[in-house]
Amino acid sequence: MSSNQSFKSQHEEAYASLMRGLKELDLQGPYVPCDLVLIGDHAFPLAMNSRGQVLMAASLYGSGRIVVLGHEGYLTTFPALVENALTWLGGDGSDNLCVGVDRNVSAVGNNLQKSNFQVEVVGAFSDKLGVGVYVTDAYSVGSDPTDLVAFLKAGGGVLIAGQAWSWAADHPKENTLHQFDGNKVSGVAGIYFTERYGEVENLPVYPQIPSSWMSLATGKDFKDDLEFLLQGVSEFNLPADCVFSEVLVHSPLAFPIGTTEDGQPFLAGAYYGRGRVIVVTHEGYLAVESMTPFWRNAIHWLDEGRRGVVGVMVDPALKVLSKSGLKCKKTNFRKDLSVFVCTAYITEHLEEIQNFVAEGGGLLIGGHAWWWAYTHAGQNPFTDFSGNKILNQMGLSLLGATISAGTYKALVPSWPIKDTYHFRHLLHRFAAHVTTGDELSKHEEKYLKKLGSDCDCYLHTKAHGCFYYTQVLAALTDMLKKSDLPQVSDSCPVKTPKDHLLLSVESPVYELCPNPEALLPYLIKDNSLMPDVHNHRLKIDVNTEDGEEWISTGLYLSPGMSTYMVMPAETVNKDWKIQIGCQTDDLHDKDELKRAPRVHEQFPVTSDMMHVSNLWGGLIYLVAPPNTQVKGLEITVQKAVTAPYYKSGVTTAAEWSLLRTAPGPWAELEFENIVLTVPSDAVRGLERPDKVAALWDKITRAIADLAAKPHKFPRKERFVTDVQISAGWMHAGYPIMAHHASAAEVVGVKKGKELWGPIHELGHNQQRSCWEFPPHTTECTCNLWSVYVHEEVLGLNRAQAHDELPLAKRKRRVEEYIKGGRKLSDWSVWIALETYLQLQEKFGWDAFKKVFAAYHHMSNFPDDNGTKMNLYAETFSQTVGMNLTDFFKAWGWPIETATEKKLSKLPYWNDHPMAQYK
């Protein structure tokens with residue numbers, strides 16, 4: 001059981017103890033409570049009215065427990081609840097518990113005279129009292145309840161009651177969350193008294209912790225905070241040399257400070273316990289001089305007037321932060337600091353830093369998660385990235401998504417923030433729209449697509465122990481049940497922002513909700529494909545090199561179907577994964593959807609018995625980690641559907657005659673160097689897959705020949721078709737993705753232009769940055785492989801291979817390029833390819849093979865295009881034994897004098913094709 005799941009069960013048990021024997025809580029008496037705001041992983045409600053306002057709550061802090069009631073009158077109105085609370089606060093079942101009662105609520109002591117508790121009414125709390133539980137109102141804890149917080153943290157129990165609306169009315173310029181005395185105790189545990197009145201009614205006591213979509217609202221008006229932080233700040237200029245992450249702002253007490261026009265936050269703040277936090281999504285921004293006014297505001301906002309020491313771990317930031325007027329010192333984490341400044345990559349003192357903020361400290365943290373997410377494929381950045389281990393509970397999570405450099409206007413301090421995006425506020429509005437029919441504004445509709453993507457991200461924080469996480473999950477589950485969900489397909493695309501959002505959350509809600517089987521009929525209406533194999537055994541051999549590799553099983557799971565897989569010991573906790581589904585493109589950015597944005601699932605192999613499923617179904621794969629060599633691994637799949645699967649040299653003709661009719665909707669043809677994944681309909685009539693294999697073996701060997709590599713690829717390429725993909729008609733990667741229309745072409749044996757696209761993408765996968773000059777050659781040099789394969793394997797002259805390559809078109813393009821001034825800005829795609837074709841037509845394909853081979857033996861390559869182009873000109877010249885500098889200069893390449901000098905002893909290529917244009 002995960003720690004968050006254990007929190008959840010712990011909270012449910014606590015709730016049952018606290019509400020034992022109670023059928024209702026009649027709050028309709030003379031007392032007007034305040035609404036409580038809950039944050040963090042440990043706080044949960046005990047009483048919630050029909051507007052979603054929390055009027056009683058409980059939480060944990062350190063080793064201790066706390067119960068908070070929204071009015072001090074409730075201490076005597078509900079004696080049975082108080083007795084339950086004292087029992088739970090004392091550690092459940094503790095006999096002769098000693099209870100200290102503040103004299104301002106001495107009536108509680110009178111009510112307890114006949115109980116088993118030892119009650120002592122005292123003038124004030126002292127750590128010398130020797131009590132196990134302390135009872136007080138929210139006005140008697142004093143302005144510095146350090147001892148009471150220490151008592152709680154060390155394992156004591158606190159019962160505190162009161163309301164903050166009258167205090168807030170008397171202190172209109174004060175910050176209720178941090179200045180109201182009661183919050184100096186309860187806030188540490190993530191429960192805050194607020195200035196908002198709680199509506200009273202007769203509340204039933206529910207068997208489970210109460211829940212309502214209405215509780216999704218933000219917990220504070222952040223207008224004052226934004227005014228303070230943005231004073232003297234008109235814009236944020238994100239420098240091009242820093243790639244920022246996006247931050248997800250998800251706590252009721254968290255808010256964006258700096259965002260792009262599309263609502264992506266790169267700077268955000270939050271209240272946490274008695275302290276505050278600000279996150280900026282690149283640590284380099286902390287040292288930007290032009291940001292000094294903002295960092296001065298930020299440090300003072302975090303310091304809250306204490307004028308204490310600011311401890312800075314980030315060296316470059318020290319100079320800028322020292323201009324704040326506060327004492328800044330280079331130091332690692334210390335508890336006696338007022339504000340601590342660190343990067344999001346910190347791996348030590350994580351819990352201590354959380355407690356430091358909860359007990360009143362300020363935290364400024366800078367860093368991104370996109371590189372971590374990129375280099376830790378298959379891991380969950382929300383739960384595994386060290387910065388998020390601090391930030392998640394504070395309601396801020398660094399995402400793998402990046403933010404473009406540029407200048408962004410500062411927000412207008414208002415609440416809700418006008419014309420921008422706040423995750424929790426919009427989620428609350430959308431829930432109202434779906435549940436009660438509230439109309440959304442055009443501004444709100446504009447951000448629904450982003451909200452869907454963020455809900456997917458948020459749910460993958462898997463913070464099941466957090467009250468607001470379970471509220472979001474429950475609200476989204478309820479919305480999916482109440483909405484008439486579109487059964488998305490090629491013929492029934494999703495076009496409205498509302499349906500886009502609902503479709504985006506179907507998969508994560510199904511995956512993470514407590515009862516997915518009950519939800520499934522609402523999500524998929526027609527789901528009839530049944531398993532046809534049981535306890536199916538597979539044996540696999542694996543030999544991976546640099547990258548992880550998908551291992552096909554020939555099995556399929558239908559939508560919503562789950563299965564158990566018995567995994568060998570060699571794969572457990574060794575970075576192996578099980579993957580359901582091969583369509584890995586993320587479509588969240590698309591306005592129109594022909595399928596859900598994310599339709600595959602991965603499961604790290606953490607035990608020998610793995611339970612896996614996917615709402616959308618999919619082929620079953622094992623994902624083997626890099627540098628893995630094993631033979632004869634045996635896997636057992638409890639139940640699945642067979643899919644058409646052919647493997648060269650393994651599947652016999654007789655086996656294929658049966659397999660091509662297998663019921664799974666996706667088929668795979670696995671050859672020497674490539675695996676083709678297509679709809680099963682594309683292979684039902686394929687009698688001779690061996691002929692297709694022969695063609696693709698020739699193609700892939702030719703690709704290896706031109707790249708000057710061994711015929712056997714280090715990892716088989718994968719080509720997957722889909723109803724919709726993330727970019728273009730096809731795109732490169734692992735796997736190469738293409739639309740369904742390409743399926744018939746790649747499994748046929750026609751030798752025609754139909755294969756230009758697939759080979760173009762395979763060419764992309766051969767490109768190397770050392771001889772690439774982006775953006776000029778990105779869509780150019782990959783076509784060398786298309787031309788080569790069409791001529792050498794398919795027997796088609798280049799002029800016939802593509803509509804852009806007849807000689808007349810090529811000549812006209814060159815003339816237009818010359819007329820335009822030979823500008824490199826115009827040198828791309830077909831005109832750039834012409835440069836390489838001219839070289840090939842003079843020196844042949846062998847010259848390219850030798851040039852690519854030469855690069856295999858080089859290292860320490862330059863980064864900039866100019867130097868790389870000079871290196872290429874030099875390498876090609878030396879390979880062919882001829883000085884080509886004049887040729888490349890004629891194309892507008894920035895050939896340096898030093899390069900010309902190096903090559904001056906070689907004979908010049910004077911009659912090159914560009915010489916006529918001098």
Side-chain angles (χ1 to χ4, degrees), residues 216-223 225-226 229-230 233-238 242-270 278-282 285 294 368-370 382 391 395-433 440-461 472 476 496-505 586-591 593 597:
L216 298 175
T218 49
K220 185 184 184 299
D221 175 341
F222 300 101
K223 183 173 181 288
D225 301 287
L226 287 168
L229 288 162
L230 297 175
V233 179
S234 59
E235 62 186 25
F236 295 100
N237 185 13
L238 305 192
C242 296
V243 181
F244 286 67
S245 275
E246 183 177 352
V247 59
L248 180 64
V249 181
H250 54 81
S251 162
L253 294 180
F255 59 100
I257 300 169
T259 75
T260 67
E261 293 93 341
D262 296 329
Q264 290 179 286
F266 51 83
L267 188 59
I278 287 177
V279 61
V280 60
T281 62
H282 197 291
Y285 210 42
F294 176 78
H368 55 77
W370 61 265
F382 301 103
L391 289 168
L396 302 163
S397 299
L398 291 165
L399 305 181
T402 58
I403 286 178
S404 302
T407 300
Y408 301 104
K409 287 182 180 176
L411 301 174
V412 176
S414 58
W415 198 260
I417 303 173
K418 290 176 183 172
D419 302 324
T420 193
Y421 169 87
H422 187 279
F423 170 69
R424 186 167 290 279
H425 174 73
L426 185 56
L427 182 58
H428 180 260
R429 291 284 299 123
F430 183 72
H433 171 64
L440 295 175
S441 69
K442 286 188 177 178
H443 160 69
E444 289 169 329
E445 282 196 347
K446 168 185 166 185
Y447 288 115
L448 288 185
K449 186 168 71 170
K450 175 168 173 53
L451 180 62
S453 178
D454 282 354
C455 283
D456 188 354
C457 289
Y458 177 65
L459 291 175
H460 281 91
T461 63
V472 169
L476 289 170
T496 68
K498 174 185 173 182
D499 285 345
H500 193 296
L501 191 162
L502 292 170
L503 190 58
S504 295
V505 301
D586 190 308
L587 306 182
H588 277 104
D589 288 341
K590 299 291 182 186
D591 291 327
L593 293 172

Legend entry - Residues Asp499, Leu593; criterion side chain to side chain contact (heavy atoms under 4.5 Å, CB included); working and verdict: CA-CA 9 Å; Asp499 285 345; Leu593 293 172; over 6 Å; no

Legend entry - Partners passing ring-ring contact (aromatic ring centres under 6.0 Å, His included) against Phe222 (at least two apart in sequence or in another chain): Phe255, Trp415

Inset, instruction - Scan for side chain to side chain donor-acceptor pair (under 3.5 Å) pairs involving residues 247-270, sequence neighbours excluded, and state none if there are none. - result: Glu246-Gln264, His250-Ser397, Thr259-Thr420

Legend entry - Pairwise side-chain contact, Leu267 with Phe294, heavy-atom cut-off 4.5 Å (strictly under): yes

Extract all donor-acceptor atom pairs below 3.5 Å that involve side chains of residues 405-412 and protein atoms in other chains or at least two apart in sequence.
residue : atom : partner : partner atom : Å
Thr407  : OG1  : Asn237  : OD1          : 3.2
Tyr408  : OH   : Ser404  : O            : 2.8

Inset, instruction - Quick one: pull up CD1 in Ile278 and CD1 in Ile257 and give me the separation to the nearest 0.5 Å. - result: 4.5 Å

Inset, instruction - Under the ring-ring contact (aromatic ring centres under 6.0 Å, His included) rule, collect the residues that match up with His428, sequence neighbours excluded. - result: Trp213

Legend entry - Spacing of NE2 belonging to His425 relative to OG1 belonging to Thr218, to within rounding of 0.5 Å: 7.0 Å

Legend entry - Straight-line distance of Leu226 CG to Ser414 OG, nearest 0.5 Å: 8.0 Å

Legend entry - Residues forming a salt bridge (charged side-chain N to carboxylate O under 4.0 Å, His left out) with Lys223, sequence neighbours excluded: Glu227

Inset, instruction - List the atom of Val249, the atom of Pro256, and the distance in Å for their closest heavy-atom pair. - result: CG1-N, 4.0 Å

Inset, instruction - Evaluate the side-chain proximity of Pro252 to Arg424: yes if any heavy-atom separation is below 4.5 Å, no if none is. - result: yes

Inset, instruction - State which residues pass ring-ring contact (aromatic ring centres under 6.0 Å, His included) with Tyr285; sequence neighbours excluded, sorted by chain then number. - result: Phe244

Legend entry - Rounded distance [0.5 Å steps], CG in Leu448 versus OG in Ser453: 12.5 Å

Inset, instruction - For Ala369, enumerate each residue passing the side chain to side chain contact (heavy atoms under 4.5 Å, CB included) test, keeping only those at least two apart in sequence or located in another chain. - result: Ser245, Phe385, Leu398

Legend entry - Among Leu248, Val247, Val279, side chain to side chain contact (heavy atoms under 4.5 Å, CB included) partner for Leu391: Val279

Legend entry - Donor-acceptor pair, side chain of His500 and main chain of Pro597, under 3.5 angstrom: no

Legend entry - Shortest non-hydrogen contact between Gly269 and Leu396, atoms and distance: O-CD2, 4.2 Å

Legend entry - Close side-chain approach of Leu451 to Phe423, heavy-atom, < 4.5 Å: yes

Inset, instruction - Please determine which of Asp591, Asp454, Asp589 meets the side chain to side chain donor-acceptor pair (under 3.5 Å) test together with Lys449. - result: Asp591

Legend entry - Residues which pass salt bridge (charged side-chain N to carboxylate O under 4.0 Å, His left out) with Glu445, listed by chain and number, not counting sequence neighbours: none

Legend entry - Rounded distance [0.5 Å steps], NZ in Lys446 versus CG in Leu426: 12.0 Å

Legend entry - side chain to side chain contact (heavy atoms under 4.5 Å, CB included) evaluation trace for Phe236 with Leu230: CA-CA 10 Å; Phe236 295 100; Leu230 297 175; 3.7 Å; yes

Inset, instruction - Return the set of residues passing salt bridge (charged side-chain N to carboxylate O under 4.0 Å, His left out) with Asp456 (not counting sequence neighbours), or none when no residue passes. - result: Arg598

Legend entry - His422 side chain to Ala254 backbone, donor-acceptor under 3.5 Å: yes

Inset, instruction - Sequence neighbours left out, what passes side-chain hydrogen bond (donor to acceptor under 3.5 Å, both in side chains) with Lys220? Give chain and number order. - result: Asp225

Inset, instruction - Give, for atom NZ of Lys450 and atom SG of Cys457, the distance between the pair rounded to the nearest 0.5 Å. - result: 8.0 Å

Inset, instruction - Could you check if a side-chain atom of Val243 sits within less than 4.5 angstrom of a side-chain atom of His368, using non-hydrogen atoms only? - result: no

Legend entry - Close side-chain approach of Lys498 to Phe430, heavy-atom, < 4.5 Å: yes

Inset, instruction - Could you tell me which residues satisfy salt bridge (charged side-chain N to carboxylate O under 4.0 Å, His left out) with Asp586, sequence neighbours excluded, listed by chain and number? - result: none

Legend entry - Qualifying residues under ring-ring contact (aromatic ring centres under 6.0 Å, His included), relative to Tyr447, sequence neighbours excluded: Tyr421, His443

